[in-house]
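Proteins get letters first, then strands, A, B, ... in listed order; numbering begins at 1 in each.
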Amino acid sequence: MFALVDMNSFYTSCETAFRPDLAGKPIVALSNNDGCVIARSKEAKALGIKMGMPWFQLREMQFPERIIAFSSNYELYGDMSQRVMTTLEEMCPRVEVYSIDEAFCDLTGVRNCRDLADFGREIRETVRRNTRILCGVGIAQTKTLAKLANRAAKEWPQTGGVVDLSNETRQRKLMSLMPVEEVWGVGRRIAKKLDAMDIKNALQLCDTDIRFIRKHFNVVLERTVRELRGEPCLELEEFAPAKQEIVCSRSFGERVTDYEEMRQAICSYAARASEKLRGEHQFCRYISVFVKTSPFSTEPYYGNHAGTKLLTPTQDTRDIIAAATRCLEAVWRDGHRYQKAGVMLGDFFSQCVAQLNLFDDNAPRANSDALMTLMDKLNKQGRGTLYFAGQGIAQVWQMKREMLSPCYTTKLSDIPVVRAN
DNA sequence: TCTGGGGTCCTAGGACCC
DNA sequence: TCTGGGGTCCTAGGACCC
């Protein structure tokens, strides 16, 4: 038995948790660079504000009430997420943190001693009490059905935010009401193809012959169909598997036309990616860089990427910056207004394997480990405490975050002082 | 003027091997 | 006339997720 716990309008809920004066107002959270809407409060949804809508368009629109917007504050959201997950871990024996605002809980044992919906309501109430954040709970025997149950819990207020879907009759009833694109694993493309085959709701998908699915789609959708039938194909993954790649990319606050600025940005992304790599206790051998102009612009589009394979896997920022810079030289073209760039690391080796290569011709730099450990330690106290000269000081290409809230839970200096009088 | 960032898995096709 | 069969590895691209 799985429970899927999903936070309601997570990012905007994090903002209102510390601004009770904003409760009941239409609020949106914006993507990096204040680009587009990525979270909406209940009231903002009711006004018809769509996910992914560009902020510069939304800002011009007329609404009966003023829209309150926040730049993404991932330090705050990440910390709030941890508090929610800790609460879940205290209540459930096994928890899979699926995303910043979602977790699967294993309810296998719970079933023997108490009513599942009751337990769901207890989860909901405890999370609300500990964090001031509301969540929905969907319960069923497969992850895909639990997702569907969660959908229903959010959509229909009379469920009180909790739906136990372990009963097959209820499953079929709910599936008949759910458009097929609401099913976890069915995206826009597949939904369109299914629609052309006259498969329009989840129940019709569930009842489609497996061989037919296999012939016209792939094993991924086959698993989805089996899961809808109550046959578990996806297990709870309590411990996250090691990452296979790490990406650091950003849109620029303003278009970049100068090579030196781009080099600074690439150095910064390379440094950040290396830091993440060390956080994963991995060494990488493949490094690549991409640059691109805006796909929305009327100017001719230019996008390109280049990669390089090192002889010896590394986790030293200096090696990774050097490789990334070489890649950038290969893809840079003068005369474009670049909108975005990024650095990707891949082909990972775990620490012990990498050390076998100590006897290679290309031995790692002396004291690399000590230096990187020190850097990471200093930068943990505050990002950007110690950085490479190549990253630049002015960083004019930095992303826009004009409506950033304070880091209420992680940075003391950010908390506004309330004065008497 | 202005449109996010970070991942995963699967498949097809090419290179290469015997 | 007539030119095989079977396998692995890698990469790019497409689909999905949040």
Side-chain angles (χ1 to χ4, degrees), chain A residues 4-7 9-11 28-39 50-61 69-74 77-78 81 96-104 143-144 147 150-151 180-194 214 216-224 233-234 237 240-255 257 269 272-273 276-277 279-280 285-286 288 290 292-299 301 303 305-307 309 337 339-348 399-403:
Chain A
L4 176 68
V5 183
D6 185 317
M7 305 308 127
S9 315
F10 183 59
Y11 295 170
V28 298
L30 303 177
S31 63
N32 272 341
N33 219 26
D34 297 340
C36 46
V37 173
I38 54 169
K50 297 276 178 270
M51 198 72 163
M53 178 180 262
W55 168 236
F56 76 89
Q57 286 173 4
L58 180 60
R59 206 174 37 190
E60 301 302 317
M61 289 167 65
F70 285 97
S71 303
S72 281
N73 184 343
Y74 284 102
Y77 310 152
S81 173
E96 171 186 341
V97 178
Y98 178 68
S99 75
I100 195 163
D101 73 335
E102 269 178 83
F104 286 104
K143 283 182 162 182
T144 306
K147 271 274 196 184
N150 185 283
R151 241 339 197 288
V180 76
E181 61 266 29
E182 304 269 296
V183 174
W184 189 38
V186 178
R188 256 214 324 267
R189 297 304 258 279
I190 289 179
K192 201 174 160 197
K193 200 167 154 188
L194 286 169
R214 194 56 190 269
H216 297 281
F217 299 89
N218 55 25
V219 293
V220 183
L221 193 66
E222 176 183 341
R223 277 200 286 261
T224 299
C233 301
L234 305 169
E237 286 176 29
K243 280 197 201 312
Q244 297 180 42
E245 56 179 40
I246 287 171
V247 179
C248 182
S249 72
R250 293 280 180 282
S251 298
F252 303 121
E254 278 166 31
R255 300 285 183 261
T257 52
Y269 303 156
R272 178 66 189 127
K276 290 189 200 170
L277 182 68
E280 291 277 312
R285 214 168 60 152
Y286 181 74
S288 77
F290 73 85
K292 53 187 276 208
T293 61
S294 171
F296 304 102
S297 168
T298 49
E299 326 161 18
Y301 177 78
H305 64 100
K309 202 152 195 170
R337 298 174 66 240
Q339 174 244 1
K340 183 175 179 177
V343 171
M344 198 190 102
L345 309 180
D347 198 7
F348 291 169
M399 63 184 180
K400 262 193 299 201
R401 293 167 99 190
E402 285 170 352
M403 293 152 286

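Straight-line distance from the CG atom of A:L194 to the C1' atom of C:dA15: 13 Å, rounded to whole Å. Atoms CG (A:L221) and P (B:dC9) sit 17 Å apart, rounded to a whole Å. Across the protein-nucleic acid pair, A:F252 atom CZ and B:dG5 atom P stand 10 Å apart, rounded to whole Å. The nearest whole Å value for the distance from the CD atom in A:E245 to the C1' atom in C:dG13 is 13 Å. For A:E222 and B:dC9, the CD to P distance is 18 Å, given to the nearest whole Å. If you measure from atom OH of A:Y286 to atom P of C:dC10, you get 13 Å, rounded to the nearest angstrom. Following rounding to the nearest Å, A:R223 (CZ) and B:dC9 (C1') show an atom-to-atom distance of 8 Å. Rounded to an integer number of Å, the gap from CZ of A:R188 to C1' of C:dC18 is 15 Å.
In this structure, a donor-acceptor pair under 3.5 Å is absent between the side chains of A:S72 and A:N32.
Using a 4.5 Å heavy-atom threshold, the side chains of A:W184 and A:N150 count as separate. Counting only heavy atoms from C-beta outward, the side chains of A:E102 and A:L4 approach each other to under 4.5 Å. At a threshold of 4.5 Å between non-hydrogen side-chain atoms, the residues A:Y98 and A:D6 do not count as touching. No side-chain heavy atom of A:E402 sits less than 4.5 Å from a side-chain heavy atom of A:W55. Counting heavy atoms from C-beta on, the side chains of A:R250 and A:K340 never come closer than 4.5 Å.
Side-chain N/O atoms of A:R337 include none lying less than 4.0 angstrom from OP1 or OP2 on B:dT1. Contact annotation: A:Q244 side-chain N/O to B:dC9 OP1/OP2 distance is under 4.0 Å. Applying the 4.0 Å criterion to OP1 and OP2 of C:dC18, one finds that A:K147 has a side-chain N or O inside that range. Contact annotation: A:S72 does not reach the phosphate of B:dG4 (side-chain N/O to OP1 or OP2, under 4.0 Å). The phosphate of B:dG4 has neither OP1 nor OP2 within less than 4.0 Å of any side-chain N or O from A:K400. Between A:K276 and B:dG6 there is a side-chain N or O to OP1 or OP2 distance below 4.0 Å. Between A:R255 and B:dT3 there is a side-chain polar atom (N or O) within less than 4.0 angstrom of OP1 or OP2. Taking 4.0 angstrom as the limit, A:S294 places none of its side-chain polar atoms (N or O) nearer than this to OP1 or OP2 of B:dC2.
Counting only Watson-Crick and G-U wobble pairs whose two key distances fall under 3.5 Å, DNA chain C forms stems of three or more stacked pairs at B:5-18 with C:5-18.
Nearer to the 5' terminus of DNA chain B, by closest-nucleotide assignment, is the contact made by A:K340 (compared with the other of A:N218 and A:K340). The residue among A:D34 and A:V220 whose nearest nucleotide of DNA chain B lies closer to the 5′ end is A:D34.
Taking the P atoms as reference points, B:dT3 lies 25 Å from C:dC18, given to the whole Å.
Using a 4.0 Å heavy-atom criterion, one finds that A:W184 contacts the sugar-phosphate atoms exclusively. Counting non-hydrogen atoms under 4.0 angstrom, A:L30 reaches nothing in the nucleic acid. Here A:I100 lies out of heavy-atom contact (under 4.0 Å) with every strand. Within 4.0 Å (heavy atoms only), A:N33 reaches no atom of the nucleic acid at all.
Closest heavy-atom contact between A:T293 and A:Y301: O-CE1, 3.2 Å. Of all non-hydrogen atoms in A:S71 and A:D34, the two that sit nearest each other are OG-OD1, 2.7 Å.
Heavy atoms from other residues, nucleotides or ligands lying under 6.0 Å from NZ of A:K276 number more than 12.
Comparing atom distances between the A:R189 side chain and each of B:dG4, B:dC2, C:dC16 picks out C:dC16 as nearest. For A:K243, counting side-chain heavy atoms from C-beta on, the closest listed nucleotide (B:dG4, B:dG7, C:dA15) is B:dG7. Relative to the side chain of A:V219, the nucleotides C:dA15, B:dT3, B:dT11 differ in distance, and B:dT11 lies closest. Residue A:P54 places its side chain closer to B:dT3 than to any other of B:dG5, C:dC16, B:dT3.
The aromatic ring of A:F296 sits over the base of B:dT3, with ring centres less than 5.5 Å apart and planes inclined by under 30°.
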